[in-house]
Every structure is written in C-alpha cells, then in structure tokens.
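For clarity, every value in this text was computed on a predicted model and none was experimentally measured. Numbers restart at 1 for each chain; the letters A, B, ... are given by sequence-line order, proteins then strands. Values below: all heavy atoms of this structure, side chains included; hydrogens, waters and symmetry mates excluded.
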There are 2 protein chains.
Amino acid sequence: MQLKSLRLFMAVAETGSFVAASQRLHTVQSNVTAHIKKLEEELGAQLIHRNGQARLTSAGYALVEYATRILVAHDEALDLFTRDQGACGRLRIGAMETTMALRLPPILAAYHTAYPEVDITLTTGPTAELTELLRAGEVEGVFVAGRLEHHRYHLLNVFSEQLVLVGPKPMSSMPSSEQWLASTFLAFRQGCSYRQRIELLLASYGINAIRIFEFGTLDAMLGCVVAGMGYTVLPLATVQAHQQRFDIHYLELPKPIADVDTYFATTEPGTWSPALSRFIDTLNDSVSAGCVYGRAQS
Amino acid sequence: MQLKSLRLFMAVAETGSFVAASQRLHTVQSNVTAHIKKLEEELGAQLIHRNGQARLTSAGYALVEYATRILVAHDEALDLFTRDQGACGRLRIGAMETTMALRLPPILAAYHTAYPEVDITLTTGPTAELTELLRAGEVEGVFVAGRLEHHRYHLLNVFSEQLVLVGPKPMSSMPSSEQWLASTFLAFRQGCSYRQRIELLLASYGINAIRIFEFGTLDAMLGCVVAGMGYTVLPLATVQAHQQRFDIHYLELPKPIADVDTYFATTEPGTWSPALSRFIDTLNDSVSAGCVYGRAQS
DNA sequence: CGAAAGCCATCTCATAACATGATAGTTACT
DNA sequence: AGTAACTATCATGTTATGAGATGGCTTTCG
C-alpha cells in the first residue's frame, strides 16, 4: 500500500470521479485506475463502484476512515518539518541549577508562549551529567558552563557569568589558607564546572585538600552559607538575585577564573527537530551571542 | 514519503542499527541507507546519528511520533481487510418495519455480541425507500420483501413470510366487496411491498379504488385495526407476536399472494466491507436460506 | 431510438525508482 | 595499531510508475 494510492483513493471518494481525481492530483486518469486497482487487489475487495459515477462501496467506505487517519498524520509530519514556523512534540532540555533558576525562566516563557504545543522536559544537573545526557541522546540540548570537549557539538554562547566567592560575612580579600582549612567548600554534586573552578583557584593558593559538602539545590546551599558552614562559588547575577532572601556576601575573583561562559550545546544543526530549531531561534532572540563549534578531542 | 521508508526508519530506531533493521524487514543494508537518506532529504533534517551506533537525532525523535501514528493506522487497515474475522467501523442497514420488529433483534444481538466494535445504524422504511437508499450507497444492505428489480444486487433469501389479512374480528372468509368499500385499508406509507400485494388481491376481486390510510409504525397501525378502522395485511408471524397485546384476528390469504420472501439485498460480493461480510455470515448462520441474484432491468 | 459525450479499463512505451551485492570508508574496541 | 562491526557509495538488473492513445461501456440528450 502506498501513500500515493491512498491520496488518489480519497480524491476519487471526494470527487466521485477518476478523471476529476486525476486532475486534482495533477496526474492522468490511467494512473488513478492503476492505483485504485492495486489497492483493491491488496485489500481483496472492490473499493469503488464504477456504474456511471464512481461511488464508494461498503469496503471503500470502511477504508476511508483509515486512509484519513494515515493521511492526516502524514500531512502533519510534512507540515512540521517543511513549513517554517510551528513546532510540537517534546523538547528535552538540560541545564545547570544556577542557569535554570536565573536565566531560563524568561526564555522558557517566551518559547512556551510562541509554541504552546511543545511539551518541555527540563532536567537539572551538573555540567558533566548534562554532557552525558546529551551524548546519550536523552536530551536535545543542554546549558553548560564552558565548552564541551568530548564530541562534535554545536555550541551557542548564550550567557557570560562572573563567578564570585560567596560567604556569610563581608569579605575584603580572599580568605587565608587557615580560613579555608577551617571551613568547608559548598558545591553542587560531582561534575559541577563551578566547583572545578574553585579547585583550580585553591590549587593556585597551594591548597589541595579541602572539605567539600555537596548539594543538589541552590537554596539548600545558600542556607548553609548563611549558617556559616563555609564558602561557595556562584555567578554574580545569581548571588545578587538571592541577596534579598539570604544574608550572603561575595568577593570578586581574579578575572581569568571568574569569567565563565554558559553555552547551549546541541548536536549539529541539521539534526535538529523543528521544536529544537525554534528553541534555538528563541535563544538567539533572547541573547546576542556568538556561535562556535567544539571539536572532538581524545 | 513512503510507508516502506517509515517502516525501515522505525526498525532502525528500534534496533539501533541499519543492519539489524534490514534483517528484520528482510532486505539489504544498502536499502535501509537509501530509504533513510531519502526521508532525510524530504524532511530536510538528519534523522539518525551514525556515530558507531545508529541513534535517533532530535528530528528523528520528533518523527517517531508521526511514523507510529501512520503505521498503526496502516496496520489496522490491513488487519481489518486481510485477516479473517474481526470487523469494526460502521454498518448501515435498512429494514422494513415488520422485519425490524420481529426478525432482526436476535440477528442484531448475535452480530453485536460477536463484533462489538461495529457501530450499527438502522433505518426503517418501506421497500421502495430502502431500495433507493441502497442504490444511493447510504446503506450497505437492506431487508426487503420480494426481489429487487432495478440493479444487479446480491440477494440473500433470509425469511419466508406468509401474509394474512388482519382485521378487528374473526373472519371465516374474505370480506365482501361491500365490506371492503365500507372500510379502509391500513398500510405503511407508499412503497410498502405488502401494500402492493393487497392491491393486487383486491384487483383480482375487481376492486380498484379503496380508501388507504398510511402509517409509519406498526403499533399505530395495529391500534387502528383493533379500533375497527379497517383491514391490513401483515406477516403471520408478526400478527401472532402481537396477538397478546392487540385483539386482532387474521384470515389466511390464497397461496400465491400470501407467500412473500424477505431478502437481504446488498451490492455484489467483493464490494463488501469486513463489517458487512461478517453480518452476512451472521445472517447465514441464523437462517438456512438460498442465495440468488437479481438482474438489471430497464 | 440513435448519436454523442463522458467515463473508465487496457495497452504500450519510456523513464524513474528500487533492491541487490560488492566494495570502500568510517568508527569503536582491544 | 589492528580488528571487527557498521554504514555509505556504486554499478547493475529488475520492477514499478506515469503518460498517452485506444476501445468499451454507460448515460444523456435530441
């Protein structure tokens, strides 16, 4: 059975004539005859009466229902891919906790307003986990800190964050080694790229082994900072957004360590679903950002 | 886009391999490549990652939903027509009032029990109207009295009725001409074949013009018979079934006029939908009857 | 009743599409 | 690096398809 045959069949059913059907679908009458005949052979039943006017038989009447379902689904699929604009289905996105909390809401809102038919699934996690999800194809794109290094991905530089050291009291300078050793570093669970930054920073101070406490959510972590449990490192914008609710203080970090770019990473263009394409459009509209490619590396 | 391509695509999606997909659908790997490639060209998006294992891209993931819908509908249609047994959809049947009331219920019940998925639409009317409905394709089969004479139909002799004259009092012989002229003949509306019979009978008595009162339903007609409004002609079985409720009496009519066969008329076999085929099966199971064809006549 | 017009089935032919098998190129794994 | 498994590409024979012409059938109109 061919989609073309079903289209011709429906055209005959609707026009009541083989000739009219052939004209509607820009082909020739003999073609219509051949397709209908083949359909009839496959289904083992005459589909159309040929007594003067072409009317549906009982069997044809029964086929109409299925043909309609098939062709409607086909049309929708074609429309989705070929017609610009419009998206539906599911969109699975991953993001870091901090990005999710601060940067994503307006973008998601804009996207959802524009394409309400898309079901969005959000996953949060540290950069390493997100990268793995993307690699495994369980999400269609992830917001991560720093460039991905494992595969060939399409990277879109969407945000530039400035990391700051966050503590319970005002700080005028970096805590001393003694202070570090006396406190705990609060971080997201393994894989958080911010955490790697602070480890790098501490290493430059000659501090290698510090106590680390891992959190799953931002709020819990900030609560513990306020309680004086230790320090953490977060984007400046995130800290400022939470200073109303938490009595936290920050210290700017040295430039090369402080600057972190957040990328939206996906597989290469051309593999994008319409829903994903539209999301990237929305992203580009929301931020003015450059666009670079990551390269495979062993 | 071809159904074959979608099947291969789904096979690749499910097996995760072009080779496995080709084996599952009994074809060759290069074929799978070609079909997927064509699909990708048509949709303008890469559907499958080929990095070692064949995983769906975001676009492929989006297509799965539509492909599933299309293929499920296709499978159902094929199953419906090719697999024996099973029927669904709609079945539109017409029948005379008397057939509907007495003969059809057990048959419809049996059919509905066997094929609950079929929606049955019943239409009642006199033979002439039913014939027209069948000709116009608005019903798939009709129960009519006597052979259809207009087109080439498939006729199934399902019931043999014996017509009797029905009146309000016991009769030992045919009413006299005076009695006829003094009363009314109660009949279903124009087109009822029983009515034609009585007109034939009366004509043999030399009575041509009698008063006729037309009814739409059996109950109304019987009520009027009881009230002494006139005579009517009905199948013996129908009269006997109603003698509990109505004080009616009957007189047997002369053989050639009394005997009426009820046929189930449909278009020719081969045009039957599965639902209709199953119905005819059920009919054949319910009655032991011969099977004849009506012929076209100008 | 007969002629004409419409409509569909059939046929042929040229072209396009397809399935196949072999081969080359890629990637992942050891 | 070498191997194994996988996919892309190519050449080829076959099939399927679409277009046009023709003929038979039915309906319609004079």
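- Between the side chain of B:Ser58 and the main chain of A:Trp272, no donor-acceptor pair closer than 3.5 Å is present.
- The heavy-atom pair separating A:Thr123 from A:Met100 by the smallest distance is O-CE, 4.0 Å.
- One can place CD of B:Gln29 at 15 Å from P of C:dT26, the figure rounded to the nearest angstrom.
- Separating the CZ atom of A:Arg55 from the P atom of D:dT27 is a distance of 11 Å, rounded to the nearest angstrom.
- Looking at residues two or more places apart in sequence or on another chain, you find a side-chain contact (heavy atoms from CB on, under 4.5 Å) between B:Lys4 and B:Gln2, B:His35.
- Every residue two or more places apart in sequence or in another chain was checked for a side chain to side chain donor-acceptor pair (under 3.5 Å) with A:Asp119, and none qualifies.
- Note on B:Thr33: every side-chain N or O is 4.0 Å or more away from OP1 and OP2 of D:dT7.
- A salt bridge (charged side-chain N to carboxylate O under 4.0 Å, His left out) check over residues 61-74 of chain A, counting only residues at least two apart or in different chains, returns the pairs A:Arg69-B:Glu76.
- When the C1' atoms of four end pairs are superposed on the next four at each end of the helix from C:dC1-D:dG30 to C:dT30-D:dA1, using five pairs per end, the two resulting axes differ in direction by 40°, to 10°.
- Atoms CG (A:Leu8) and P (D:dA19) sit 11 Å apart, rounded to a whole Å.
- B:Gln46 meets the side chain to side chain donor-acceptor pair (under 3.5 Å) test with no other residue; sequence neighbours excluded.
- With sequence neighbours excluded, the residues that form a side chain to side chain donor-acceptor pair (under 3.5 Å) with A:Asp261 are A:Asn157, A:Ser160.
- The two atoms that bring B:Ile36 and B:Arg50 nearest to each other are CG2-NH2, 3.8 Å, heavy atoms only.
- Remark: P of C:dA9 and NZ of A:Lys37 are 8 Å apart, rounded to the nearest angstrom.
- The backbone N or O of B:Thr127 lies less than 3.5 Å from a partner atom in the side chain of B:Thr131, making a donor-acceptor pair.
- Checked against side-chain contact (heavy atoms from CB on, under 4.5 Å), A:Val28 has the following partners two or more places apart in sequence or in another chain: A:Ser30.
- Residues satisfying the side chain to side chain donor-acceptor pair (under 3.5 Å) test with B:Asp75, not counting sequence neighbours, are B:Arg7.
- The shortest distance between the side-chain N/O atoms of A:Thr27 and the OP1/OP2 oxygens of D:dG18 is not below 4.0 Å.
- Between B:Phe279 and B:Phe264, a ring centre-to-centre spacing shorter than 6.0 Å is recorded.
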Show the atom names and distances, to 0.1 Å, of all donor-acceptor pairs under 3.5 Å that link a side chain in residues 9-18 of chain A to residues at least two apart or in another chain.
| unit_1 | atom_1 | unit_2 | atom_2 | d |
| --- | --- | --- | --- | --- |
| A:Glu14 | OE1 | A:Arg24 | NH1 | 2.7 |
| A:Thr15 | OG1 | A:Ala11 | O | 2.8 |
| A:Thr15 | OG1 | A:Ser17 | N | 3.3 |
| A:Thr15 | OG1 | A:Ser17 | O | 3.1 |
| A:Ser17 | OG | A:Val19 | N | 3.1 |
| A:Ser17 | OG | A:Ala20 | N | 3.0 |

Treat primed atoms plus P, OP1 and OP2 as sugar-phosphate and everything else as base, then score nucleotides 11-18 of chain C 5' to 3': B for base contact with protein heavy atoms under 4.0 Å, S for sugar-phosphate contact only, - for none.
-> -------S
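- Taking a 4.0 Å limit (strictly below) on heavy-atom distances, residues 13-25 of chain B does not reach DNA chain C anywhere.
- For the contact set between residues 39-50 of chain B and DNA chain C, defined by any heavy atom under 4.0 Å, there are no members.
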